[in-house]
Amino acid sequence: MAHRWGMAVDLDRCTGCEACVTACRAENNIPTVGPDQAAAGRAMHWIRVERYWEGDFPDARLTFRPVLCQQCDAAPCEPVCPTYASHHTEEGLNAQVYNRCIGTRYCANACPYNVRFFNFFNPQWDRPLQLQLNPDVSVREVGVMEKCTFCVQRINAAEIQATADEKPQKDGDLKTACAQSCPATALVFGDLNDPESAVSRLSRSPRGSQLLGDLGTQPKITYLARQSQT
Amino acid sequence: MDRRIFLKVTAVTGTSATLASCGNPEHAIIRFIPEEEHVPGVAEWKPSLCPLCQAGCGVIVRVMEGDAEVVRNGQAGVMRMGLAKKLEGNPAHPISQGKLCGRGQAAIQIAYHPDRITQPLKRTGPRGQGQFQPVTWDAAIAELVAQLDGLVTSNNQRGLAFLKGGGRGQRDDLVSQFLDRFGAPPAVSFDLFNYDVLRRANLLSFGREQLPTFDLARSGYVVSFGADFLGTWNSPVAQHAGYGQMRQGRRGVRGAFVQVEPRMSQTGANADEWVPARPGTEGVLALGLAHVLLSARLRPADAAGRAGALIDGWNAGLTGYTPADVEKQTGVAAARIERMARALVEQPPGVAMIGGAPLAQTNGLFAALAVNALNALLGNVGQPGGVSFMPQIPATVTPRRSSPPERRTLQAVTAAILAADPSPVQVLLVDSTNPVFASPSGWRTREALLKVPFIASFGSFIDETSVLSDLILPDHAFLESWVEGRPESGAAVPVATLAPPALRPLHQTRATPDVLLQVASRLNKPLDFPWQTFDEMLMAAFATLPAPSADTDAWTAAQQQGGWWGAADAAGQTRPGGPAAQAEPAGRTTQAGGTNQGGRPDAAPVRALEAQFDGEPAAYPFHFLPYASHAFLDGSLAHLPWLQELPDAMTTAMWSSWAEINPQTASKLGIAEGDVLEITSTQGSLRTPALLSPGIAPDVIAMPVGQGHETFTRYASGRGQNPIKILASAAEPETGALAWAATRVRVTRIGPPNGDLILFAGEMREHPHEHEHER
Amino acid sequence: MSDADRRLTDDLLRPLLTTSARFWVLVAFLGAIVATGLGTWVYQMYWGFGLTGVRWPIFWAFYVTNFVFWIGISHAGTLISAILRLVNARWRRPVTRCAEAITVFALMIGAMFPIIHLGRPWLFFWLIPYPNQRGIWPNFRSPLVWDFFAITAYLTGSVLFLFLPMIPDLALVRDRTTGWRHRCYGVVSLGWRGTTKQWNRLETAMEIMAIAILPVAVSVHTIVSFDFSMAPVPGWHSTIFGPYFVAGAIFSGIAALIIAMALLRTFLHLEEYLHPVHFQNLGKLLLMMSLLWAYFVFAERLTVWYGNETAEMAVFRATQSGAFAPLYWTMVVCNFVIPFPILALKKTRTIAGCVVASSCVLVGMWLERFLIIVPSLGHKYLPYSWGTYRPRPVEIIITISTFAAMSLLYVLFAKLVPIISVWELKVGAHPAHAAESVEARDDEQALFVARTEP
Amino acid sequence: MSRASRARILRTLVGCTLLLAVAGTSACRPANNRASMASVYTPARETVGEAVNDFFGIRPRVTQPFPFPHSTHVAKKVACTDYCHESVTKGPVAGLPSVKTCMICHESIATDRPLIQQITDLSKRGVDLSWQRVYGYSAQAHVRFNHAPHLRAKVECSTCHGRIDQQTVAERNVDMKMGYCVDCHKAKGASNECLTCHF
């Protein structure tokens, strides 16, 4: 049976520590753009931890919410792409094919979550920082869109491995970089087609909901609400 | 970097681009025969140890083959070698449990940093000008040896001083032995955000001079006094794991958590209740809680035992700490105090923790003792869901001096240097600390160092301290060297992390412990160490540990799994070993530091002290609260671009420094978001952008530490402002620890936004319009 | 051939046959600006799209604004002249060609912007369906691909529509010239000899084109509006966008036409052929469109405000009262407040009045497109990711240079082709029109009278 | 103003416009002709020319640093996967041998040949041969090829690498265009999902 990769985000566990943000950067060769470009709104974070303030002193309250590509089943970014650079795979991933991207940036406009990022310039690494680059992941060049891939390089590797040693993957063997790093285990990644997988069980939680679900994008990421004492 | 330069570098490209793409031969570059074999394209995971904070998380390094530009016998070329690609938590490690914080993961950039010092340097220009010339290792070591021999001949061994960061393990042990054998005073360790006060308090209350370990996974109600335990305090990764469990790990039970602090930290943001108590009154609040428990007979006074006895008026039931009195002092409503106190017993196990700013007050020790007493009263010490002390392995392989070493704070040393002429310190060795940046200007650290005739630094980067040195003997990056650590908190079992080098050195650097051993052997009167190299010492140390299994010994096992640790108990749960559980679980364990073998100093009960603040409230109306930056800690990580571009969790600021101010206060002072402020204390002033935050008390100005480096690599130099500079040099009297939260300031608007504040987020509220309506 | 005809021919062919130094100065000036624009584009391609002010999350801005604007302008000609042709409004005759020329050039310029705005412009041809070894086709679900087809179709149509009625005049020029010019015009006039057969063929062809071009024109701007309304972006996802955009397009198109005519009138001394009447009538059209535009905006805004949907309202506030309010109200003033009175009153509906009104409309309509695109992208669903936009020099230079390009093309066109259809004015030049020619003369004279009376 | 001068002006104008247009198309990828041992790593092309070549799929000729005779070795029954490309059985990459590998055999074999002596000399100096990739992709094709699955699918080495036993230094004798891969994948019923190879 084909996989259907999804994620559950427990907002009651998430502490906004941003370990996931750095993990993603390290795994996926996401460049740092430097202060000038960051100020110009070109900083790239495939996963970001949104923080929202509520109320005022002394009753101020703050909530964190990690936002990454929701890998929607009805993704607005896909139909608008004129070249199929952004398209849906058999396993339900929202693929972004860099070499096919011509940079219309339409997908980024259509994405309600603003999780797509554009290479405004060629990325650069001051030598020898480039020695850290992950050889399993492309280094994107100027003019192409990029976004969270659910660590497709890990998914592919795991699948190749599974076929090689002819045994199915176990739930929890395969983790995205963010889920792997999450110290409070707020991010859980897995196969939604496996009803017993941790992610499936969490996705069925009564606390669960989907980000902007009412837009009909059918995200494959479920957010479990943060509970409060009172 | 202006746009022109930016554009220039944007277009320029390197040879690796060519290597990767179509192969046109690059005759220019020599290729060396690889020194090790790797299967190309296949990742190998090697254990290592995160060096960034005292938590001591065990990590695993993803190593893959790649082409690196290296220098071999004086010739530059390319070599195929194993390269570190990613750091993850070591799943087998009791503290990190397979997880790693963002800072730890960014540590990989230290190894590959473009501004790393690649070979020994000798100062050429005047001090502080940063003019150095490369020298060979032999020359460099010879010079240092000559300096030390000089001290010996002039019979002034005590003229040698060693300045190091906080840290425990064989490396620090080697240093102290080196100094001991040489006849020099013990090393001075300096760390802005140190734990001296807390350790002292735990020594007094529980006889353990050690950081506490919290079993959050099983806690029911947590009250944290300023402890940023989900950010930068104590053992964040381990505490995160516990926290996740506490919230959603147990069926039907969700642990509650209250954060007491005047400025909401990232940890505080996760609390169910945020209690902005007045700065410096945390101890009083703790005793207020205790008073409720006592007066309501919820817990017997004697349950607190010795920890309670340390508090003046404890057995009298803490009269004078009625909720009403406490409300007056702390500004926390009496009813709220009542409620919190009851919750501590009604949602067991209740536990309190204290750290950060409350301990950085002139009455920090009292606050810590008060919280200890509260925990003792709650009877959670050494109990599941409570506070406990991690069993320790003796941090030495050779018998220590009988007498505990005298403690010297950096402040004392600099004072001594500045007082006497010539300087009592003739030769200063500096290792992994940057006091010139991280100490208040009142200490005049820079002037003091300039007065020292000879300074040698082991730093890997030119920072504010190493730029003053005459000789730089660059250390390996942690990934290139043997690493060993003995964490004092974060797990229930004794832990000694150990790992061999994960990669070959990229540059002409040498591991500092090896350098010390070489120096020791080359002195006219060699300090006869039993080992030639650091790994021999480590081997000796691990030989004394019991083998985990019959077919292997501790040493080899440790190298494979990334360390040695006692087994968790049968239940698989890590039960914390409290003071009661000294002997268990595995092997020889004893109390920390060896400074308080057996006995404990009997201390007189302490009376509540009013926190003293520098600066007249009239002239300096605001409390100034510098806090450990989520990304940079005390500033030692400001050179890592990943962390510079990491949006701050609370403010989403990147590449910036800022001052947080309450919106009401701001509107009173006519300050808008991003406006340039001038913050003035009795010690001086600085200018930085304002950031309006509802999560800060109206009488507090908070500012993250970490930016404002003068010289610290291309990424940090000249970026932002350093709040430490304007701190008063107030100290906690008992320990002499810097009271970095005891300064008052005044704030004036200088001008409109100047673009220094770079935010990632657009809006701070999910429904900005509705919020405007409410107000 | 009558004297009137001869004089008329001389007048209208003068610009082609004699060239003043002023012409060369103008061409050089405009050419320089256009060259700068092209250079800037190359510069942008060389260094990267980051030279623009575009940023996360506002990934479309000036270039797409220009795209929509110019495509809008293009609706002047073909649509107008086609309608007028079909309803056989006689006053149209001198107007049609200027109008159709505008269409063609505006389309050419507008069609460039989707390419200019690409991150990797050199790969634009992936929008074109062509068999390839990869076995990949464009994504026909993407509005951008629809754009491609719509625009190519419209461009082809408009070129034909412009060219067909030009043939007899080109032939006329051919006969009046010698040397290489003679040869060139000979080629393009496709051997026109003015036989009855040819005349009939021409008439039929033009009728067909006139009918065919209308639906195309309407569809083009509807499809352009789909670029926005198909995306779930607050402020974009609206059913009114199709007609709204078409109306706006015609609105700005007429404005452009009026200005172009006024300029031609003065520079080429065509006072005798472009009469106040023409401006009067076009002014009325413009007035109607202005009202229509106002109605659409009102309907669109009202529903948003009444619906009070969170995300939509964020955009609403940003434009109505927020950071974009100044631009928004400028737009309203330029598109309605100013043009309406000027065009409503017969007294002010003079040539000058029409030009003033039209200029305002052009500014207003450009702003309208900008305000549709940028505020919406800056205020999508998650406020954390809100952002704002400032243009950078490259965008401004390229934008300006396109206006220069428009003028340059127009100047050259007026130089090479009689900008006013000679044969249509002197109807009756062939038997088929004998009947009509009388009336034609009549109203020609009527006009003379109208003009000479104080 | 004379007719000639007008014509000149016109020509210059047209010229400039054309020139810019051409430049525009030729600067296909952001690149830079200051080729130097740069201090930054970027995926940018070194020269405009390189960018143009890449755009049109023109590959610079690969010249190997050493005339390695594949034919001889294959004839001598040295299997590709014995030492030189042994990684192909272990991981995604076949790997290029270092001089060390040569010396495994040539410590003793054919030590009298001048070429072998060159190799021996190199290994003594600790210098390696920098082999050029024959089947490398343009970086901007973002292709990730993994040998293992292809070996498992019983794809003959010769399918892509040709009759190596008839070559001295390896020649690129299969034109690795995407079509080539796609056709084979179609034929073998392997996935043609973009993400199979491009990520």
Side-chain angles (χ1 to χ4, degrees), chain A residues 33 36-45 48-52 65 67 74-87 97-123 141-145 211-212 214-217, chain C residues 45-60 64 114-115 117-127 134 136-148 226-228 230-234 236-237 311 373 376-377 380-390 392:
Chain A
V33 298
D36 299 12
Q37 285 299 300
R42 277 80 180 274
M44 294 189 185
H45 302 286
R48 61 177 184 259
V49 180
E50 295 195 341
R51 64 94 182 80
Y52 289 113
R65 180 206 288 150
V67 177
C77 57
E78 287 167 354
V80 298
C81 176
T83 60
Y84 286 116
S86 162
H87 71 272
V97 185
Y98 311 119
N99 45 302
R100 188 65 184 167
C101 177
I102 63 175
T104 65
R105 306 186 296 289
Y106 201 168
C107 51
N109 289 347
C111 173
Y113 307 95
N114 280 337
V115 291
R116 294 180 150 265
F117 296 88
F118 185 67
N119 287 276
F120 286 94
F121 290 107
N122 270 307
E141 64 273 13
V142 70
V144 304
M145 268 290 168
L211 188 55
L212 305 180
D214 52 352
L215 292 178
T217 51
Chain C
M45 273 196 280
Y46 185 85
W47 291 112
F49 200 81
L51 295 183
T52 65
V54 174
R55 53 163 292 169
W56 179 81
I58 300 167
F59 288 100
W60 287 359
V64 178
I115 299 174
H117 108 122
L118 286 184
R120 305 203 288 174
W122 50 91
L123 293 176
F124 78 95
F125 62 90
W126 280 351
L127 288 169
R134 304 184 204 86
I136 304 176
W137 295 91
N139 175 5
F140 293 106
R141 296 179 304 163
S142 168
L144 291 183
V145 175
W146 307 344
D147 274 341
F148 172 75
F226 286 174
D227 288 350
F228 306 100
M230 291 292 164
V233 174
W236 283 12
H237 198 48
I373 295 164
S376 290
L377 292 178
K380 276 153 77 175
Y381 301 90
L382 302 173
Y384 183 95
S385 66
W386 284 3
T388 182
Y389 162 85
R390 292 241 177 299
R392 292 263 185 86

Open item on the list: Quick check on the interface: out of A:Cys77, A:Ala43, A:Pro76, A:Cys81, who has the most heavy-atom pairs with chain C under 4.5 Å?
Closed with: A:Cys81
- [ ] Heavy-atom distances under 4.5 Å only: say whether A:Leu212 touches chain C with side chain, backbone, both or neither.
- [x] side chain
- [ ] Heavy-atom distances under 4.5 Å only: say whether C:Ser376 touches chain A with side chain, backbone, both or neither.
- [x] neither
Task: Test item: A:Asn109 side-chain N/O and C:Leu377 main-chain N/O as donor-acceptor pair under 3.5 Å - done: no
- [ ] Among A:Asn99, A:Val115, A:Leu211, single out the residue with the greatest number of heavy-atom pairs under 4.5 Å to chain C.
- [x] A:Asn99
- [ ] Let me know if A:Arg116 has heavy atoms under 4.5 Å from chain C in its side chain, its backbone, both or neither.
- [x] backbone
Task: Part of C:Phe125 within contact of chain A (heavy atom distance under 4.5 Å) - done: neither
Task: Interchain contact, C:Val64 with chain A, by part (heavy-atom threshold 4.5 Å) - done: neither
Open item on the list: Main chain of A:Asn114, side chain of C:Trp56: is a donor-acceptor contact present, judged purely on distance under 3.5 Å?
Closed with: yes
Open item on the list: Counting heavy-atom pairs under 4.5 Å with chain C, which one of A:Glu78, A:Met44, A:Glu50 comes out on top?
Closed with: A:Glu50
- [ ] For the residue pair C:Phe49 and A:Arg105, establish whether any side-chain heavy-atom pair is separated by less than 4.5 Å.
- [x] yes
Task: Portion of A:Arg51 that has a non-hydrogen atom of chain C nearer than 4.5 angstrom - done: both
- [ ] Give the member of C:Asp147, C:Ile136, C:Ile58 that has the highest number of heavy-atom pairs under 4.5 Å with chain A.
- [x] C:Ile136
